[in-house]
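Chain naming here is simple, since letters A, B, ... match the order of the sequence lines and numbering starts at 1 in each.
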Amino acid sequence: MPAFSNAKVAEILRGVGAAYQIKGLGNKFQIIAYENAATSIEHATESVYEFWKEKKLDEIPGVGSHLQTYLDELFQTGKVKHFAEVTKGIPEAALTFLNIPGVGPKTAYKLAVEGQASSIADLKDRISSGKLQKAGFSTKAIDNITRGISQLQGLKKRLLLPDALNIANELISGLKKDPDVIKADPVGSIRRMNATVGDIDLVASTTDIQKTLDTFAKLPQVKEVLNRGDDRSSVILKNSLQIDLLVSPPKSYGSLLQHFTGGKAHNIHFRKLALERGLSVSEEGVKNIKTGKVNPCQTEEEVYKFLNMQTPPPEIREDTGEIEAALKHQLPRLIEQTDILGDLHTHTEYSDGLASVKEMTDAARELGYKYSASTDHSYPNLDYQKRLKEIEKYNYSHKDFRVIKGLEVNITSEGKLQAPDKVLEEHEFNIASIHSSFSQTEGELTDRVLYALKHPLINMIGHPTGRILNEREGYTLDWEKVFNAAQEYDKVLEIDGYPARSDLPDPLIREAVKRKIKLSIDTDAHRPEHLEFMNFAVALARRGWATPDLVINTWPIPKLLDYLKKPRMKS
DNA sequence: GCCGTTTTCGGCCCGACTGTTTTCAGTCG
């Protein structure tokens, strides 16, 4: 049987949950159980198929005895009798319509059966030709579906974190002009520093809730107010983005922040734990169920303190173990931007950068770094000698800063390095990266990376998955082999913080951290301003639970240079 | 269907909004 991806298994389970709901089977908690299992599998850092092969499906939270049996059947035979029975008679299209925001199982089924729509394109046709209205859908329902479809089709491109953060910050500074606004923050995936952001949610603490909601509605960026409740409002900006604002008095701002920051799974897990202790947690505060008394929390720390636990940093509130660690008061000390002593991946006009060695290096010095690596691409026409001399000249005249002579060498499609060993020997830090032939097989791509990892003159693999967010998926590597080789040869994997790359993705960072593989957190800057992406690089590393000890660019220069020399001494 | 710091039975996160519902169902974050 072909191995099913986690995403595929999650999709199957969601479909079964939806089918239960459409047919009115079971009870609502069975449906929730299927959804919980789907979410849990989707967020697992390892393949559920591997879990099954190693007979440890029971380690996945939300997968109990029944689902273990079903998954066993799925992986052995490729299908599950029970699932087939449950989904029998439900058109394929109904499951597709579930992806439309605002459309749940009931509506999706109704659209497919009563509306007779066979695809999203067909659904759009039926809306514009009036057929859907004739089939008994109300005008408001149709408006809602239309809005959902355009959202779905617009959402294929999620915002990159820096863009989302810019928009959020502009709105926040607008809100803060209202003297009643005491604090305002982005929440949700922005606050968790996800590399991409779907929608932008803001919270504010204010002494006059209604006035602050008015201020929000009147911000110059706002085109239209979608809805307004007692303490919240949604607007559409002139750039078509939807923004939600939630407002509270200062005394419960911590509860509000906590409620809207964590990923869904984190919140559910946290509130379940609270419930076991007789506490009900909401955005209003922490309620003692017995006495009915609500304790609003001014800060998030107060919320977590009710369960006698540490406050997990926002970046890791995804329910991947942070709650257990926080309960034991054993959260790791995650890497911080002030730990970083230098940027080890930068380009100049010698390759495809837009600034000189001096301009890039001056900018790095101004950021307070002790060193940086200049790592131009191994272009065949690159004048290596001239470039190296320029670096040496900079080092000679700046004793307080060290430029490391680096190179980003291509791993060719034949699995060799683009520069000869003689050139690599002249550089102190060699990054090997794949920039071509992405469509090779997993085996071929993996062999290319393994060749580079074994090569004694290579120190690091650059942007290891090659993904470009919103443009192309990363190539698939056999990560077990890559991680093993990185460990065996004591090589570095890059955390490339260039926002469209954000590569390694955080689940792979997490795995690398577990294996104590060395990491470098850098920006892949192509111009001086790009050096400021370091905060995004660090955030990505934090999402992968990276600690400073594994990150080579937290080390002072003598330790770093010793380490970089090590592999070539062995050979 | 899952799960256990009173529980192997009896609960299951919480609250809000929308629609056409006069008391609730569907959906979302």
Side-chain angles (χ1 to χ4, degrees), chain A residues 13 16-18 20-22 24-40 57-58 60-71 82-83 86 97-111 136-145 147-148 151 187-192 197-203 226-234 242-248 252 255-256 258-287 289-290 294 303 307-308 319 323 327:
Chain A
L13 294 179
V16 176
Y20 267 88
Q21 205 169 343
I22 289 165
L25 296 172
N27 61 54
K28 66 174 173 174
F29 298 108
Q30 278 174 292
I31 296 158
I32 291 171
Y34 274 98
E35 277 166 9
N36 285 345
T39 309
S40 172
L57 276 180
D58 58 330
I60 303 174
V63 177
S65 57
H66 285 76
L67 284 176
Q68 281 171 47
T69 313
Y70 294 145
L71 290 181
H82 175 65
F83 292 177
V86 172
F97 298 154
L98 284 176
N99 296 318
I100 303 171
V103 174
K106 297 274 186 177
T107 316
Y109 183 71
K110 212 174 140 191
L111 284 171
F137 287 83
S138 73
T139 317
K140 291 208 169 174
I142 292 174
D143 281 353
N144 191 34
I145 294 160
R147 195 162 48 238
Q151 236 185 72
V187 282
S189 51
I190 296 188
R191 186 149 182 258
R192 298 198 305 278
V197 171
D199 24 50
I200 298 179
D201 298 324
L202 307 175
V203 295
L226 272 186
N227 56 57
R228 175 161 168 173
D230 294 340
D231 58 359
R232 61 194 60 204
S233 177
S234 300
Q242 180 175 334
I243 316 286
D244 298 337
L245 173 71
L246 300 117
V247 183
S248 81
S252 58
S255 288
L256 185 68
Q258 197 277 333
H259 190 86
F260 285 100
T261 295
K264 186 176 173 172
H266 173 92
N267 284 348
I268 291 176
H269 189 172
F270 178 70
R271 288 173 212 151
K272 268 187 189 162
L273 282 178
L275 211 55
E276 286 167 16
R277 289 157 178 74
L279 302 167
S280 169
V281 178
S282 79
E283 62 204 87
E284 312 261 314
V286 180
K287 182 165 86 179
I289 294 172
K290 218 181 249 172
V294 177
V303 181
L307 269 69
N308 189 24
D319 194 26
I323 291 178
L327 281 166

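Counting non-hydrogen atoms under 4.0 angstrom, A:L226 reaches nothing in the nucleic acid. Counting non-hydrogen atoms under 4.0 angstrom, A:D201 reaches the backbone sugars and phosphates but no base. Residue A:K264 is in base contact, counting any heavy-atom pair closer than 4.0 Å across all strands shown. Within the nucleic acid shown, A:F270 has no heavy atom closer than 4.0 Å to any nucleic acid atom. Across all strands shown, A:N36 has no heavy atoms under 4.0 Å from either base or sugar-phosphate atoms. Within 4.0 Å of A:N227, counting heavy atoms only, lie sugar-phosphate atoms of the nucleic acid but no base atom. Residue A:F137 is out of contact with every strand shown, counting any heavy-atom pair closer than 4.0 Å. Residue A:L275 is in sugar-phosphate contact alone, with no base atom involved, counting any heavy-atom pair closer than 4.0 Å across all strands shown. A:I32 comes within 4.0 angstrom of no nucleic acid atom, judged by non-hydrogen atoms across all strands.
Residue A:Y70 places at least one side-chain N or O under 4.0 Å from the OP1 or OP2 atom of B:dG1. Listed pair A:S65 / B:dG1 fails the phosphate criterion, with no side-chain N or O lying under 4.0 Å from OP1 or OP2. A:S280 has no side-chain polar atom (N or O) that falls below the 4.0 Å cut-off from OP1 or OP2 of B:dC13. An OP1 or OP2 oxygen of B:dC2 is reached within less than 4.0 angstrom by a side-chain nitrogen or oxygen of A:H66.
A residue-by-residue look at A:I60 and A:D230 shows that A:I60 has its nearest nucleotide of DNA chain B further toward the 5' end. Nearer to the 5' terminus of DNA chain B, by closest-nucleotide assignment, is the contact made by A:L279 (compared with the other of A:G102 and A:L279).
In the set B:dC13, B:dG1, B:dG26, B:dG1 carries the atom at the smallest distance from any side-chain atom of A:L67. Here the side chain of A:R271 is nearest to one of B:dG1, B:dG19, B:dC13, namely B:dC13. Side chain of A:S282, nearest nucleotide from B:dT27, B:dG1, B:dG15: B:dG15. For A:E284, the listed nucleotide lying nearest its side chain is B:dA16; candidates were B:dT20, B:dT27, B:dA16. In the set B:dT5, B:dC14, B:dA16, B:dA16 carries the atom at the smallest distance from any side-chain atom of A:R232.
Between A:R147 atom CZ and B:dC17 atom P the separation is 16 Å, expressed in whole Å. What separates CG of A:D58 from C1' of B:dG1 is a distance of 16 Å, to the nearest Å. Spacing between atom NZ of A:K106 and atom C1' of B:dC24 amounts to 13 Å, rounded to whole angstrom units. Across the protein-nucleic acid pair, A:D199 atom CG and B:dG29 atom C1' stand 8 Å apart, rounded to whole Å. Distance CG (A:L202) to P (B:dG29): 15 Å, rounded to an integer number of Å. Rounding to whole angstrom units, CZ of residue A:R277 and P of B:dT7 are separated by 15 Å. Between A:Y109 atom OH and B:dA25 atom P there is a gap of 20 Å when expressed in whole angstrom units. Atom CG in A:D319 sits about 19 Å away from atom P in B:dG29, given to the nearest Å.
For B:dG19, the paired base is B:dC24 (Watson-Crick or G-U wobble, both distances below 3.5 Å).
A distance of about 15 Å separates the C1' atoms of B:dT27 and B:dT21, rounded to the whole Å. Taking the C1' atoms as reference points, B:dT6 lies 24 Å from B:dG1, given to the whole Å. Rounded to a whole angstrom, the distance from the P atom of B:dA16 to that of B:dT20 is 22 Å. Rounded to whole Å, the C1' atom of B:dC3 lies 9 Å from the corresponding atom of B:dT8. Here the separation of B:dG29 from B:dC13, taken at their C1' atoms, is 12 Å to the nearest Å. Here the separation of B:dT5 from B:dC12, taken at their P atoms, is 16 Å to the nearest Å. Using C1' as the reference atom, B:dT23 and B:dT18 are 15 Å apart when rounded to the nearest Å.
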Enumerate donor-acceptor pairs with a distance under 3.5 Å from any side-chain N or O in residues 274-287 of chain A to protein atoms, sequence neighbours excluded.
unit_1, atom_1, unit_2, atom_2, d
A:R277, NH1, A:L273, O, 3.0
A:S282, OG, A:E284, N, 3.1
A:E283, OE2, A:R232, NH2, 2.6

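Residues A:T107 and A:F97 form no side-chain contact, since every pair of their non-hydrogen atoms from C-beta on lies 4.5 Å or further apart. In this structure the side chain of A:D244 never reaches within 4.5 angstrom of the side chain of A:D199, judged on heavy atoms.
Between A:F83 and A:Y34, the two ring planes are perpendicular [angle over 60°; tilted spans 30° to 60°].
Rounding to the nearest 0.5 Å places OG of A:S234 at 8.5 Å from CG of A:D201.
In this structure, A:V63 and A:A37 approach most closely via the heavy-atom pair CG2-CB, 4.4 Å. Minimum interatomic distance between A:L98 and A:A18 (heavy atoms only, all atoms of both residues): CD1-CB, 3.6 Å. When all heavy atoms of A:V247 and A:L256 are compared, the closest pair comes out as C-CD2, 4.0 Å.
B:dT22 takes the anti form, because its glycosidic angle lies more than 90° either side of 0.
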